[in-house]
Each structure stands twice: as C-alpha cells, then as structure tokens.
Amino acid sequence: MEMRHLHALLKQRHSLGQLEPKGGKLAFVTVPRENLRGLLTELRDVHGFTHLVLLTAVDWMEDGLFQLTYMLNNRGRDMTLGIRVMLDRQEAQGDSIHDLWPTAATYQRELKEMFGIDFPGSPRIDEEFILEGWTDLPPYRRDFDSLAYSQQTYAERPGRVTHDPREYMKSKLYPDGV
Amino acid sequence: MGLREVLTPFTVWKHVFDEPVTIKNPIGRPAADRYRGFHQNDMASCIGCGTCEAICQNAAIDMVPVDGIETRTGDSGLRPQIDYGRCCWCALCVDVCMTGSLTMSNEYTWVDTDPDAFRFVPGLEEPWKDDEEGYEREGKRVLSGIERIHMEEMPPETRISNFEEIVDGYSRAEAILEADRCVECGLCVATCPAHMSIPDYIAAVRDQDYDRGLEILYETNPFSEVCGRVCTHKCETSCAALHEGDPIAIRWLKRHIVDEVPFDRRLELIGKPAAPTGRKVAIIGAGPAGLTAAFDLARAGHGVVVFEALSHAGGMMRYGIPEYRLPYEALDRDIGVIEAMGVEIRTNCRVGRDVTMDALRRDYDSVILAIGLNMGRSTRVPGTEGPGVEKAVDLLRRITDGEEVPVPERLVVIGGGNVAMDIARSMARLQMQKYGRVGVTLTALEDIDHFLADREEIVESREEGVQIFDARGPQEVVRDESGAVTGLRTWRVKSIFDADGRFAPAYDEGDEQIHEGTMVIEAIGQMADTSLLEEALTEALEWNRGRIRIDGAFRTSEPWLFAAGDAVKGPDVINAVADGHRVARTVMDELAAREVMQ
Ligand SMILES: Cc1cc2nc3c(=O)[nH]c(=O)nc-3n(C[C@H](O)[C@H](O)[C@H](O)COP(=O)(O)OP(=O)(O)OC[C@H]3O[C@@H](n4cnc5c(N)ncnc54)[C@H](O)[C@@H]3O)c2cc1C
Ligand code: SF4
Ligand code: SF4
Ligand code: SF4
C-alpha cells in the first residue's frame, strides 16, 4: 500500500489535512489535536507504524503556534509518516502519548524543558532534563535571545576589542568623511 | 533490594585488567572527518565583512586588523578572531560566511596553560590551517539569499517606439525580499562617492519605515530619486553578497524608498532651512554639483542664486541622460525639494553673456563654478567638418528641448561609452517613430569586452536593434560629390595604447569597412566651455591639464572662487553630488572664518 492509499483510507475515519509527499517513502500530514490519539493508535496497531522515530517541535512565533511533529515508521514497508499537530503557543499544552510509546515520555520531557510545552500526566515531566537550574525562557523558543543570555551568563575575558567594518574602513580610507 | 543488585557492583571487577576504553591522553587522536574543531579561514578570500561576528550567539568573535592585510575596496582589512572560551562549535559562522572562506578543521585537542592562547585569528599560523578534514558548508551560503529579486522591465518591442521609462521599480513585497538579502556589513559605504548610509536605508525598507529611509537618503544625497534610477552604482561592485551570488540591488532599493514617499511628505520630512545668515553665494551651473551645493548652503541659511544657461535646471541629468532612463518628473521632484529650501535658480542666464564673473564676484560672498562638460569632442578625422556630422551631447540636448532633429534612415555613431549608447538608443527610437525600423550602426575603438559602457547598456542597445562593430577606428567621414555624408570608413584596431600606455591606436589597414549612413554622430567625450572666465581670470587661475586646478577642498587658486563637478573632477552624478557637499562645506567654513575676522 502506498502513501496515497493509506491517506485515503485513514481519511474515512479521521479528519486529516492534505498529504504532503516528500519522495516515495516519506510524507507529512496535519491533524487537529483531538484526532491525534486515535490516528496514532490506528497507525500503530493496524498499519504497522510501530516505531516512534522522534517527536519534536517548531516555534511559529509570528503565527502564535507550536508545531509538534510525530515521526512514525513502518519498518516492514520502509515508510515514514510525519504527523503534525498545531498547538496554541500561549497555552503550550499537548497530550501525552507515553502510554502508546514509552519513549515518548523522554521526548516530552525534552519539549517541556526546551520549548515549555507541557504534557500533563507524562512521567517525570517536570524534572530537569539536560539544563540544570534554568530560570530563563525555554531556550528553543524563538523569543529567547541566545546572544543576550550568553553575554549575561558567561564572563568576558578581559582584553577583547572589536571593530565595526564600516567605521574601520572610514578611518582607513576616508578619515575626514569625503 | 534483591541479591542481584547487591552483587552487581562486584561483577565489574572482572574487567579490572582489561584494556581501558577511555583514552588517557587524547592528544593526537584524530576526530571524525566532519568533526567541528578549531576554525580555518582563507585569509585571501575573507573580506572582513563581520557577518560571522554578527551571527555568533556566543559573542565569541571580534573583528581585528591583521598585519599584512590592507583595507581596500570591498575588504575591510579586518579578520575574525575567535575566543574559544566562548565558542560552542555550532558552526553558524561557517554557514553564514559570505565568501565561504571560513571553515572548521577537525582538530579539537590542544593543551595550553595560557588561556589567551585560545583566542586567535584563524588562518595565520595554526598547524591545522590547511587541513582537509573538518566541517565545511556544502555548496553556497543558504542563510541569506543568493539571487537578486528580478526587476521587471519593458520588453524591447514595446519600448523601442517611445521614450517611456524602461524599468518598473520594485513592489513593496519584492523590495522587502531584496532588502532581506543584505547582511548590513557596510563594506559598500566606502565605495559610494557620497558614502551613503546604504545598510541603514536598506534596513528601513526591511522595516517598512519609508519616512526613516527617506531621511537617511537626504542626509547624503538630495538626488536620490535620480540616483535611484541612473547611478553608476559602483557600490554594488564591492557588495559582500557578490562573492557567492548577486550583489544587493542597492540602486533599486534607493529608488524604491523615494517611490514610496509622496512629494509633499518629502517636503515635510526635510523641514525648513535654518534662519537666514545674510551671506550670499552664487553658483554657476544647475547640474547635480551646483544644486547639491545650493541645497546644503540654503539649508544652512545662506542666500543662494544658481545661474543656469539653459531653459531648465538639471544639467546633464536633463539634457544628457535620456528620458527612458530618467523621466523628467523624477528629476523635477528632486529639484523641487532643493527649490523649496529657498534656492533661486535663474535659468536662461549664461554667465559670460548675460552676467559677468566680475559682477558675481562683486555681488556675492563666494562663487562656485559647476559648469560641467558640455562641449562634445571631435575625432577630427577628414570629413568631420560640415553638415551631416553631429556631436552626441548637442543632439541629446536638442531632443530634450523638444527641437526637431534630423532623423536619417541610417546613421553611424562613433564611441563605445554610455553617451554613445544613449544617443544610439535615442536615435533608434526616433527612427522607429519615423520609419518603423531602426538603422543605427555603432563603432568603437575598444573590443566589446573593454567597452566603457555598462554591460546592460550594450545588451539593451542590441535588443533594440543597434548594430555594434567593435575594434573599429574611424578614418574618414565619406561624402559624395555634393558633399552629403554617405558613411564612415574604418580600419580594424590592433591596439589602442602604445607600450608607454599613451593613447596611440594602431590599425590593420588591410581590414577596411565602410559603414553606411547619411549622418555620423561623434560620442567620444566632452570638454568644458570655460569662455565665461574671460581673459584676465583665465590668466590668473592655475590650471591642470586643461582643467582648473583645485585643492582637496575644491578651492581654486582665487580665494573667492570654488569649483566642483565634471568640470574639475567627474565622472558621474553621484561624484558630482559628493563634490557639491564638499564644496559647500568649504564655502561655509570660509564664510565662518571671515565672520571671525571681521
Ligand atoms: C549622455 C550622458 C549620459 C549620462 N548618463 C549618466 C548616468 O546614467 N549616470 C550618471 O551617474 N551619470 C551620467 N552622466 C554623467 C552626469 O550627467 C554628469 O557627471 C553630471 O551631470 C555632472 O554634473 P555637473 O553638475 O558637474 O555638470 P552638469 O550636469 O553638466 O551641469 C552643468 C550645468 O552648468 C551649466 N552651464 C555651463 N556653463 C554655464 C555658464 N557659462 N553659465 C550658466 N550655466 C552654465 C550647464 O548648462 C549645465 O546645466 C551622463 C552624461 C551624459 C553626457
Ligand atoms: S563572514 Fe566570512 S568573509 Fe565575512 S568576515 Fe567572516 S570569515 Fe570573513
Ligand atoms: S562556531 Fe558558533 S559559537 Fe563558535 S564562533 Fe562560530 S558562530 Fe560563534
Ligand atoms: S549592500 Fe552589500 S555590502 Fe552593503 S551592507 Fe548590504 S550586504 Fe553589505
């Protein structure tokens, strides 16, 4: 069964967006949050997508959305399907799937720490993952200012000097401004 | 706790005599091929744009001078120095690098007791500086756009029968995309003769703040609407973006800003001049040099009168540059702002005929000469005397004035510069209107790769049907028994300059051609008409190879007289603008100094 077939079949029971194929073996599809669980379960139990490859997020700050991407793989058929769910960025809350795939708990903990997206009920969700004693905005949010953070957090070794290329060229090539 | 958990720690004892998996001394152990280790930088291709510094989220990079690397056009002479106490090896700097000079070796082990040793300029003497392994970006930069946003133009078949403007200008959406490609490095600023704040006004486009953009333009250039269309845009030849793609369309973005601000709003933004000082300055010539000086002086509150021989202001911007490149309304708006500052422009008033230099010297505190180069030069080959042979600048002036000019079915232009292209393309339009087809032949000494004209002028001329014969030296304007012109006789050029670099064309006399045409137009250069000076002043002034000698501040050898623009320097509008600012500053300094003396 190829991707388009599968999509047509699933569409009969789930509210799915358009299929976005990326070559023969990989495709993406967007679903409403309330459809996610049902779809994942069917893919896992009926269509052989038994492997959760990864769960990750994109910050669409300007649109006020977080995008979650669940990559599922059917090993037998060598097919990968990316399921996207858009979340309200303000609310920043997703639905835990650790009971479907235990590994999801780890991804969810990472997303909580790096993006501030909560997954209520996910094991150890509030424990520190790799950041220790982090007090700032979650660092993968696009409004987190990495440069300002590193300047505040890490001391500058004395003796550093920099030059603005434009001003430096002026001083060398036309010091009196003409 | 079960028995297993209690016993497990002891089971590891069986490994106690095994070879350790970790390495005691990691020095010398090679990393993977694509490992991101200490940076490498090809000093010769890095241009010191500082984009690596700007992107580094750890503030690990400083731009510093390096011995042996000079500051020059398109290269700041600075190079990135990296503080490895801060670097996190993310390679963003490598990915963003405008030239691809910055890469990373796979070298990562290094022990030193001096922490300052870990702050250095990559590419100088590290042992790994030429290593092949390590991380480099695949292909060209991807974090800023490579290709210029396309500019719509009128196609040749539509534009050839009229003088309407060819270039459309960007829409807002297009301009934002083009502005987005600029990394704000500022390398281009040094190249612009007026040192316009290019990255700042491009940022204003990106921010959609056209009021701010316009104010920035006016800080350095009161002819931004003109320059946004016809500037020689040398800045674009030093743009950081050209190393792996198209340079930013700096000229078109400038034009876009002015196009977006209505004229009345422009006047509001520029505001009123300072209170009158009571000082008066006379300016001879209403070209870009004279009018820029007038703008600066008037804004500072000085009384300014500009004397202009022709019926309209603008100089070569009006009487040279054809309308299809620069519509008169665009020029009129730039001049309108200058007049709104209180500058009086007396047209149809030729100094030397309608008013004398002596009178100006007497009635004004200072006099600025900005008379341009308005007389066409002649090849002086046999046959150039007499009817049927014209000078490009004379014809262009008459076309602008709306005079009826003779339009033959076939004509020959001599010259390979932009003026030659302008007259060829103007005459082609007139021929199209009169005969429905183009009959222009253009001959030049240079071979096509060394034409002085811009590439786009050559391309567009050909698209419009101009036939170009390169490396042809004019020998004679051929005339029939009645004296009427029938063509131009040329020989093939073997070389233009002699061994000492002097102009001395050598020809292959065996390769002769007659280019047919009943008119020959010479477009080989212009010279100044300095007859207005009259004898005494001509004698008194110091000269330099036929031009009035000026110092770096545009003073002539006479303390009351200053000179600027094409007549003393050149060669284009933006240089005239830069000169205008400079001469105005000198005049203001002198006026202030005299104030103190009195
Ligand atoms: C055909 C042509 C095309 C060009 N195209 C371009 C281009 O695309 N881009 C670009 O940047 N540059 C271009 N240039 C060059 C540019 O126009 C000039 O460099 C610029 O106009 C010089 O400015 P200026 O003020 O020194 O002199 P001008 O513009 O020549 O102005 C001098 C003024 O002084 C007046 N004058 C002279 N003698 C007297 C007198 N005795 N009394 C009163 N008034 C007098 C003249 O009538 C004229 O109006 C072109 C030039 C020509 C000829
Ligand atoms: S971005 Fe590249 S070219 Fe520019 S200064 Fe840095 S290393 Fe040099
Ligand atoms: S690798 Fe990253 S942290 Fe290091 S200098 Fe480059 S941009 Fe900065
Ligand atoms: S236009 Fe080019 S050279 Fe100028 S600031 Fe932008 S990228 Fe740098």
Engaged part of [X] at the chain A interface, taking heavy atoms whose separation is under 4.5 Å:
X	result
B/Asp83	side chain
B/Thr191	neither
B/Arg86	side chain
B/Glu53	side chain
B/Ala60	backbone
B/Cys88	neither
B/Cys188	neither

Are more than 12 heavy atoms, taken from residues, nucleotides or ligands other than [X], located less than 6.0 Å from that residue's [atom1] atom?
X	atom1	value
B/Glu70	CD	no
A/Gln90	CD	no
A/Glu127	CD	yes
A/Trp134	CH2	yes

Restricting to non-hydrogen atoms, name the atom on [X] and the atom on [Y] that form the minimum distance, rounded to 0.1 Å.
X	Y	answer
B/Ala190	A/Met169	CB-CE, 4.1 Å
B/Thr71	A/Lys172	OG1-CG, 3.5 Å
A/Tyr168	B/Pro65	OH-CB, 3.4 Å

* Asked: What residue pairs, at least two apart or across chains, pass salt bridge (charged side-chain N to carboxylate O under 4.0 Å, His left out) with a residue in residues 188-197 of chain B?
  ->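 For residues 188-197 of chain B, and leaving out neighbouring residues, there are no salt bridge (charged side-chain N to carboxylate O under 4.0 Å, His left out) pairs at all.
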* Asked: Which residues, numbered in order, of residues 93-112 of chain A come under 4.5 angstrom of chain B by heavy-atom distance?
  ->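 None at all.
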* Applying a criterion of heavy atom separation less than 4.5 Å, what residues of residues 136-166 of chain A form contacts with chain B? ->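 Interface residues of residues 136-166 of chain A: A/Ser146, A/Leu147, A/Ser150, A/Gln151, A/Tyr154, A/Ala155, A/Glu156, A/Arg157, A/Pro158, A/Gly159, A/Arg160, A/Val161, A/Thr162, A/His163, A/Asp164, A/Pro165, A/Arg166.
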Which residue out of [options] racks up the most heavy-atom pairs below 4.5 Å with chain A?
options	value
B/Thr73, B/Val64, B/Asp116	B/Asp116
B/Pro115, B/Gly48, B/Gly77, B/Gly85	B/Pro115
B/Ile61, B/Leu187, B/Asp62	B/Asp62

* **Interface residues of residues 570-585 of chain B facing chain A - non-hydrogen atoms under 4.5 Å apart** =>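 Counting heavy atoms that sit under 4.5 Å from chain A, the residues of residues 570-585 of chain B involved are B/Arg582, B/Arg585.
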